[in-house]
Amino acid sequence: MNKNKKNQIFLELGVIAVSFAALLLLLYFVIVVSFQNGAASVDVTMRMAEHVAGRIFEQPTLDQISATARMIRFGAHLGLFFVVGFVTTFVSMVVFRRYYRILGVIGAGAVCYALAYYTEYYKQFVEGRHFHQSDATLNWYGSVAGIFCMVVSYFLNRLLVKLS
């Protein structure tokens, strides 16, 4: 085996290892945030909502702050799980090659679906937290958007490589 081939194999293994480690770190962050105490979670959201509402409105009312908090919460679900879907799909596409990539994307979807529901289901066992089906649905939609963006970027990259 020549030296370039060895270097390429080590580089690929390094990318897989770093990608997988980043994915595990992200999943750990999602679980830690999901299992945060209810009072602490509400406190962080309300402080952010008060700050954002104060920037939008001159004298924000309680209803405006509550609506802002709801939008922040919805955005957090969608945004966080968008990243989870994107990174999970990226890792699966790095690990699985050629025609097996579709299996990787399906596997990423299964992992994201399980995580989207799991994090909401187990909130009911955390003090001050509750299960909300709408939050699980938001998690899933965010994951699907991340998966879709990763797959589209993969095909766009392939197209650009062929065109150049």
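Position 1 is the first residue of the sequence; numbering continues from there.
- In this structure, Val18 is not a member of the same hydrophobic cluster as Phe10, with clusters built from ILVMFWY side-chain heavy atoms closer than 4.5 Å.
- Of all non-hydrogen atoms in Gln64 and Thr68, the two that sit nearest each other are O-OG1, 2.7 Å.
- Clustering of Ile, Leu, Val, Met, Phe, Trp and Tyr side chains at separations under 4.5 Å places Met71 together with Phe74, Leu78, Tyr113, Leu138, Trp140, Tyr141, Val144.
- Scanning both residues, Cys112 and Gly85, for their nearest heavy atoms gives SG-CA, 3.6 Å.
- A continuous path of ILVMFWY side-chain contacts below 4.5 Å connects Phe57 to Ile72, so both sit in one hydrophobic cluster.
- Taken together through direct or relayed side-chain contacts under 4.5 Å among Ile, Leu, Val, Met, Phe, Trp and Tyr, Leu25 and Leu80 form parts of separate hydrophobic clusters.
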Decide side-chain contact (heavy atoms from CB on, under 4.5 Å) for Phe155 and Val152; before the verdict, give the C-alpha distance in whole Å, the side-chain angles of both, and the deciding distance to 0.1 Å. CA-CA 5 Å; Phe155 283 116; Val152 167; over 6 Å; no
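- The cluster map of Ile, Leu, Val, Met, Phe, Trp and Tyr, joined by side-chain heavy atoms under 4.5 Å apart, puts Val151 and Leu23 in the same cluster.
- Here the closest heavy-atom approach between residue Ala116 and residue Asn139 is recorded as O-ND2, 3.2 Å.
- No donor-acceptor pair closer than 3.5 Å links the side chain of Arg129 to the backbone N or O of Phe35.
- The environment of Phe90 atom CZ is sparse: at most 12 non-hydrogen atoms of other residues, nucleotides or ligands sit within 6.0 angstrom.
- Across Gly109 and Ile147, no two heavy atoms sit closer than the pair CA-CD1, 3.6 Å.
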Residues Tyr117, Phe131; criterion ring pair (Phe, Tyr, Trp, His ring centres under 6.0 Å); working and verdict: CA-CA 9 Å; Tyr117 187 79; Phe131 172 80; 5.6 Å; yes
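- When the side chain to side chain contact (heavy atoms under 4.5 Å, CB included) test is applied to Leu26, the partners found at least two apart in sequence or on another chain are Val83, Val84, Val87.
- The CD atom of Gln8 sits 10.5 Å away from atom CG of Leu13, with the distance rounded to the nearest 0.5 Å.
- His132 is not listed as a side-chain neighbour of His77, based on a closest heavy-atom distance of 4.5 Å or more.
- Checked for salt-bridge contact, Glu50 and Arg47 miss the test: no charged N lies under 4.0 Å from a carboxylate O.
- To the nearest 0.5 Å, atom NE2 of residue His51 and atom CD1 of residue Ile65 are 12.5 Å apart.
- For residues 139-164, no residue pair satisfies the salt bridge (Lys or Arg N to Asp or Glu O under 4.0 Å) rule, not counting sequence neighbours.
- Atoms OG1 and CG, on Thr119 and Leu27 in that order, are 10.5 Å from each other to the nearest 0.5 Å.
- For the pair Phe20/Val95, no side-chain contact is recorded, criterion being any heavy-atom separation below 4.5 Å from C-beta on.
- To the nearest 0.5 Å, atoms CE (Met93) and OG (Ser19) are separated by 12.5 Å.
- Contact annotation: the side chain of Met150 never approaches that of Thr88 to less than 4.5 Å [non-hydrogen atoms, C-beta and beyond].
- Surrounding CD of Gln124 are more than 12 heavy atoms belonging to other residues, nucleotides or ligands, all under 6.0 Å away.
- By the 6.0 Å contact criterion, CD on Gln133 is enclosed, its count of non-hydrogen atoms from other residues, nucleotides or ligands being greater than 12.
- The shortest distance between side-chain heavy atoms of Ser34 and Tyr122 does not fall below 4.5 Å.
- Arg97 approaches Glu12 most closely through the heavy-atom pair NH2-OE1, 3.9 Å.
- Counting heavy atoms from C-beta on, the side chains of Thr89 and Tyr154 never come closer than 4.5 Å.
- Residues Phe29 and Val91 are members of one and the same hydrophobic cluster, defined by side-chain heavy-atom contacts under 4.5 angstrom among Ile, Leu, Val, Met, Phe, Trp and Tyr.
- Screening Ile31, Val32, Val30 for a side-chain contact (heavy atoms from CB on, under 4.5 Å) involving Tyr28 leaves a single residue, Val32.
- Aromatic ring pairs are classed by plane angle as parallel below 30°, tilted from 30° to 60° and perpendicular above 60°; the pair Phe125 and Tyr121 is perpendicular.
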